[in-house]
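Quick note: numbers below take in every heavy atom, side chains included, and nothing from hydrogens, waters or symmetry partners. For ligands, and for the atoms within them, numbers begin at 1 and follow the listed sequence.
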Amino acid sequence: MGLDIDENKTMTYLTQTAPITLSTLTQYKQKGEKFSCLTCYDASFAHAMQLADIDTILIGDSLGMVVQGQSSTLPVGVHDMVYHTQNVVRGNSHALILCDLPFMSYATLSDAIASAKAVMQAGANVVKIEGGSELAPMVSVLANNGVPTCVHLGLTPQSVNVFGGYKVQGKTDAQADKLMKDCTAVVNAGASLLLLECVPASLAKAVTERFAVPVIGIGAGVDCDGQVLVMHDMIGVYTRKPAKFVKDFLTDDSNQTKDIVGAFKAYHRAVKQRAFPTEKHSFL
Ligand code: KIV
């Protein structure tokens with residue numbers, strides 16, 4: 001998509017590439033083409049992502065940490081997700097829009113329905129929920145009501161107090177077996193996407209090969225169908241020590257870019273060309 005500033009100083013869209021849909025991502029998977037995903041929370045960065053052709057955007061509850069300055073994602077509410085989703089969709093008409101349902105907003109089926117309704121009506125295309133096989137009935141009800149789900153497994157930040165910190169998950173055979181069973185249950189229930197965070201690369205590869213639905217990775221090795229990073233991390237805006245799977249695409253000299261759109265383009269290109277992530281960004 002191209003964009004220009006006209007004489008009246010209003011932004012006008014010149015050309016527009018087709019919006020990315022779930023079927024686009026499935027076709028990418030079938031063709032072996034990788035896809036890019038970044039978190040985003042406002043219209044200006046969403047627009048910069050459109051200029052860089054980013055395939056999918058996640059309005060992540062990470063906004064609690066990177067936008068609100070909270071120490072975890074737990075304080076984020078549905079109203080926050082609605083507000084940021086409305087802002088993002090005003091700035092981007094290309095990417096598939098994923099939106100997190102925040103902590104405890106899908107503790108019951110009726111909560112999940114109300115929360116999903118709010119973020120879908122704000123402009124999301126897919127809702128992301130954290131958990132495993134216990135989510136299967138919810139995934140099924142949402143799918144039957146026109147709400148596609150992305151199920152986030154592995155390190156699920158809303159359970160940080162259960163895990164006792166942000167740690168790699170699925171390292172033992174028993175944990176890996178459970179994760180595979182969880183994926184099977186939610187895929188059979190109708191999940192449209194899986195997202196794996198901080199799991200060994202070999203486990204993420206096995207999940208990606210086992211299921212027809214696209215699998216997005218973060219700290220999950222080189223073999224997932226799509227890759228996501230928190231936007232602030234990949235432009236070097238850190239409030240804490242960056243994780244092993246993070247790469248700063250703004251100041252990395254090899255990209256020869258010094259602006260934000262250039263950094264987003266470099267990330268998109270690196271994902272498509274399988275230059276990011278590498279083993280250096282993976283847990284083995
Ligand atoms: O909230 C978020 O940004 C996320 C990503 C880390 C995947 O869930």
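What sits closest to atom 3 (O) of ligand 1 on the protein, heavy atoms only, is Ser62 OG, 2.5 Å. If you check which protein heavy atom lies closest to atom 4 (C) of ligand 1, you get Leu58 CD2, 3.6 Å.
His47 and Ser44 form no side-chain donor-acceptor contact under 3.5 Å, judged by distance and modelled atom types alone. Side-chain atoms of Thr24 and Thr21 include a donor-acceptor pair closer than 3.5 Å.
Shown in contact with Asp61 at under 4.0 Å from a heavy atom are these atoms of ligand 1, numbered in order with element: 1 (O). If you number the atoms of ligand 1 from 1 as listed, the ones under 4.0 Å from a heavy atom of Lys128 come out as 4 (C), 8 (O). Of all atoms in ligand 1, listed by their number and element, those nearer than 4.0 Å to a heavy atom of Gly60 are 1 (O), 2 (C), 3 (O).
Ligand 1 has no N or O atom lying under 3.5 Å from any N or O atom of Glu197, backbone or side chain.
Not close to ligand 1: Glu130, with no non-hydrogen atom less than 4.0 angstrom away.
Contacts of Leu63 with ligand 1, taken as heavy-atom pairs under 4.0 Å, are absent altogether. Residue contacts with ligand 1, taken as heavy atom pairs separated by less than 4.0 Å, involve Thr39 solely via side-chain atoms from C-beta onward.
Geometric assessment of Lys247 against the ring of Tyr267 yields a negative cation-pi assignment under the 6.0 Å and 45° thresholds.
Nearest approach of Val261 to Ala48, heavy atoms of both residues: CG2-CB, 3.8 Å. Minimum heavy-atom separation, Ala263 to Ile235: CB-CG2, 4.1 Å.
For the side chain to side chain contact (heavy atoms under 4.5 Å, CB included) test, residues two or more places apart in sequence or in another chain that qualify with Gln68 are Leu63, Gln70, Val76, Asp80.
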